[in-house]
Amino acid sequence: MLEDGKIFIGASRNPDDSINKPEYLDLKFGNRHGLVTGATGTGKTVTLQVLAEGFSRAGVPVFAADIKGDLSGIAAKGEPKDFLTKRAEQIGFTDYEFDQFPVIFWDLFGDKGHRVRTTVAEMGPLLLARLMDASEPQEGVINIAFKIADQAGLPLLDLKDFTSLLNYMGENATELSSQFGLISKASVGSIQRAMLVLEQQGAEHFFGEPALKISDIMRTSNNGYGQISVLAADKLMMNPRLYATFLLWLLSELFEELPEVGDPDKPKLVFFFDEAHLLFNDAPKVLTERVEQVVRLIRSKGVGVYFVTQNPLDVPETVLAQLGNRAQHALRAYSPREQKAVKTAADTFRPNPAFDCATVITNLGTGEALVSTLEAKGAPSIVERTLIRPPSGRVGPLTDAERQQVMDKSPVLGVYDDDVDRESAFEILAARAKKAADADAAKRAEEDAGQQQGSTTSGWSLPGFGGGNDDNQGRGQRGRASGYQRETVVEAAMKSVARTVATQVGRALVRGILGSLKR
């Protein structure tokens, strides 16, 4: 049943439950994206593993999030178990063999995988505003902050860089507003509070250097298998917004960095977006529109995006329309919304005259799905009731010791594990402020010395006999000097920095469709 150029998914059944035919996903349509849906416990993770193994075996790198830890078993050779061998016999899978696959484990926190980071500058204003759940005025201030940083050559690498830039904007809101538009101190303050919340949720682990290189998730092993990058997301899921924003950032990086390749014989990379509903929950309209645009255009760069979620209603219709390869596991239909979801799922398939999709969806067993993939000329196949094939890798998680063994042999060992803190916006702003403060202090010292020398007199005088006007003039000069000193050294320094930043126009970096940097 294993054919070159195709991924064996399982075997379809006739209405009398006899085996009909094998079902495949054609590799040349693997970049046409896909959808795996179904209620909890219906077999979505196993279907994801089967697809990931199939792509890897074909030499296609894979990136997938591991929400529960179960997917980590793909790094170990499968073990004979009754339910696996029974399923293989049931579908006539006579050439079923166990295998293990090359895996790189990643973890934002560095506990169960190599550290994965990006910089604040690379993430961009749109995704950072999404991460903070910023209001429209706050998003405007965030966009101005990135504009200032891009034009003035202020690298925003980690959260302390962005915090220092916000402090600077708050101190100089009036002067900067004339250059970039209104900067409300109230909005700056609310963004600073949101930054504190992000830090408490662990977002500081995500921002910094060395930043992840896209080439490191697009590797091929020595035996020709595509490397499977598995993101440990069990702890990350405690902050669902950070999880969704990270995966969306990674998708935007792929879109901006990879060249156009048209329709290759097989994908350059396949990206599995588990718990996809988190991406679209409460997402602003502009973000949803841009995600739809990325999904539509990234196909020509050889990247296949597969959304994994419980309910097809979790994905907007504009995105749903781009997903050509589908596996629908069982859904429950107890509530009106669930009934609508069943109808939506059934209506998206090319009908099979042998059965009613809406009825079958509620009666599917564990490890069984309605499957439709793209076939000749990119047309969707007639939906088939399919028993999913058993995976070749282990079904279930690795032990901590096994995971560590895989990490010790990783091709990126030592590349991302240690933090690098080079000069960035925090240090540059502090240095500029100090330089301006020192220059201002030297100027004032010089003026004070001149005033003291001019006021020094010898002898004595009486009112009205000379010296009185000079004395009054000296008092006036001292009065003006006192008025000038109401502007503190720090204020003068920050205004000097503000003038420097506001005049450095024309060096702005170019940003892409989701706000990430274009290289």
Side-chain angles (χ1 to χ4, degrees), residues 1-12 20-37 47-48 50-64 218 226 251 254-255 258-273 276 289-309 312 315-329 344-354 357 361 369-386 388-389 513:
M1 288 186 172
L2 299 177
E3 295 186 11
D4 291 337
K6 295 183 178 182
I7 296 175
F8 175 50
I9 299 176
S12 58
N20 179 21
K21 61 184 178 68
E23 300 296 329
Y24 298 96
L25 190 156
D26 199 325
L27 282 172
K28 66 181 179 181
F29 296 122
N31 65 330
R32 300 294 183 91
H33 312 316
L35 178 70
V36 180
T37 51
T47 299
L48 189 159
V50 166
L51 292 174
E53 290 179 358
F55 282 116
S56 176
R57 193 179 285 111
V60 178
V62 173
F63 185 94
M218 300 186 69
L251 190 62
L254 292 168
F255 177 78
L258 297 181
E260 296 280 341
V261 295
D263 281 319
D265 293 334
K266 61 183 180 182
K268 299 295 184 183
L269 175 76
V270 171
F271 187 96
F272 287 95
F273 204 132
E289 289 174 348
R290 294 189 183 183
V291 171
E292 184 269 332
Q293 192 173 359
V294 168
V295 171
R296 178 163 46 85
L297 298 176
I298 204 171
R299 175 190 64 79
S300 62
K301 302 198 173 190
V303 177
V305 182
Y306 288 71
F307 294 96
V308 183
T309 187
V315 182
E317 290 185 5
T318 53
V319 177
L320 203 61
Q322 309 295 326
L323 312 180
N325 304 297
R326 304 191 179 192
Q328 174 64 63
H329 289 268
T344 299
D347 291 344
T348 57
F349 287 112
R350 181 180 171 186
N352 188 327
C357 283
I361 287 175
L370 292 180
V371 173
S372 175
T373 59
L374 298 180
E375 48 187 18
K377 297 182 179 180
S381 64
I382 294 175
V383 64
E384 296 287 355
R385 183 177 179 179
T386 304
I388 304 299
R389 59 152 287 182
I513 191 171

**Request:** Let me know which of Q328, R326, H329 forms a side-chain hydrogen bond (donor to acceptor under 3.5 Å, both in side chains) with T37.
**Result:** Q328

**Request:** Sort out for me which residue in D26, I9, I7 forms a side-chain contact (heavy atoms from CB on, under 4.5 Å) with T373.
**Result:** I9

**Item:** Spatial distance of atom CG (L320) from atom OG1 (T348) [nearest 0.5 Å]
**Value:** 6.5 Å

**Message:** So, taking the atom named CG in L374 and the one named CG in L25, what distance separates them when rounded to the nearest 0.5 Å?
**Reply:** 8.0 Å

**Asked** CZ of F8 to CG of L51: how many Å apart, nearest 0.5 Å?
**Response** 12.0 Å

**Request:** Search all heavy atoms of P264 against all heavy atoms of G302 and return the closest pair with its distance.
**Result:** CG-CA, 4.2 Å

**Prompt:** Is the NZ atom of K301 crowded by more than 12 outside heavy atoms at less than 6.0 Å?
**Reply:** yes

**Complete:** Residues F349 and S372: closest non-hydrogen pair is CD2-CB, 3.7 Å

**Item:** Test item: S56 side-chain N/O and G226 main-chain N/O as donor-acceptor pair under 3.5 Å
**Value:** yes

**Item:** Atom pair CD (Q322) and CZ (R299), whose distance is rounded to the nearest 0.5 Å
**Value:** 9.0 Å

**Request:** Could you tell me whether the side chains of E375 and S381 share a donor-acceptor contact shorter than 3.5 Å?
**Result:** no

**Request:** Output the distance between atom CD (E3) and atom CG (L27), rounded to the nearest 0.5 Å.
**Result:** 11.0 Å

**Request:** Would you confirm whether T318, through its side chain, and E289, through its main-chain N or O, come within 3.5 Å as a donor-acceptor pair?
**Result:** no

**Message:** For R290, is there an ion pair with E292 - N to carboxylate O distance below 4.0 angstrom?
**Reply:** no

**Asked** F29: what forms a ring pair (Phe, Tyr, Trp, His ring centres under 6.0 Å) with it, not counting sequence neighbours?
**Response** none

**Request:** Using the side-chain contact (heavy atoms from CB on, under 4.5 Å) rule, take D263 and K28 through it: C-alpha gap first, then chi angles, then the decisive distance, then the call.
**Result:** CA-CA 7 Å; D263 281 319; K28 66 181 179 181; over 6 Å; no

**Min side-chain heavy-atom separation V371-E384 under 4.5 Å** = no

**Prompt:** Quick check: does any side chain N or O of R350 sit under 3.5 Å from a backbone N or O of P380, one acting as donor and the other as acceptor?
**Reply:** yes

**Message:** Within the structure provided, determine whether V383 and C357 are in side-chain contact (heavy-atom separation under 4.5 Å).
**Reply:** yes

**Fill in**
All heavy atoms of P267 vs all of N31, minimum pair found to be CG-N, 3.8 Å

**Message:** My understanding is that only one of L258, L297, V261, V270 makes a side-chain contact (heavy atoms from CB on, under 4.5 Å) with V303; could you say which?
**Reply:** L258

**Request:** Mind checking the CZ-OG1 spacing from R389 to T47? Nearest 0.5 Å is all I need.
**Result:** 11.5 Å

**Prompt:** Are any of the side-chain heavy atoms of I298 and F271 separated by less than 4.5 Å?
**Reply:** no

**Prompt:** Y306 pairs by ring-ring contact (aromatic ring centres under 6.0 Å, His included) with which of F63, F272, F273?
**Reply:** F272

**Asked** Nearest heavy-atom pair of L48 and A64: which atoms, and what distance?
**Response** CD2-CB, 4.3 Å

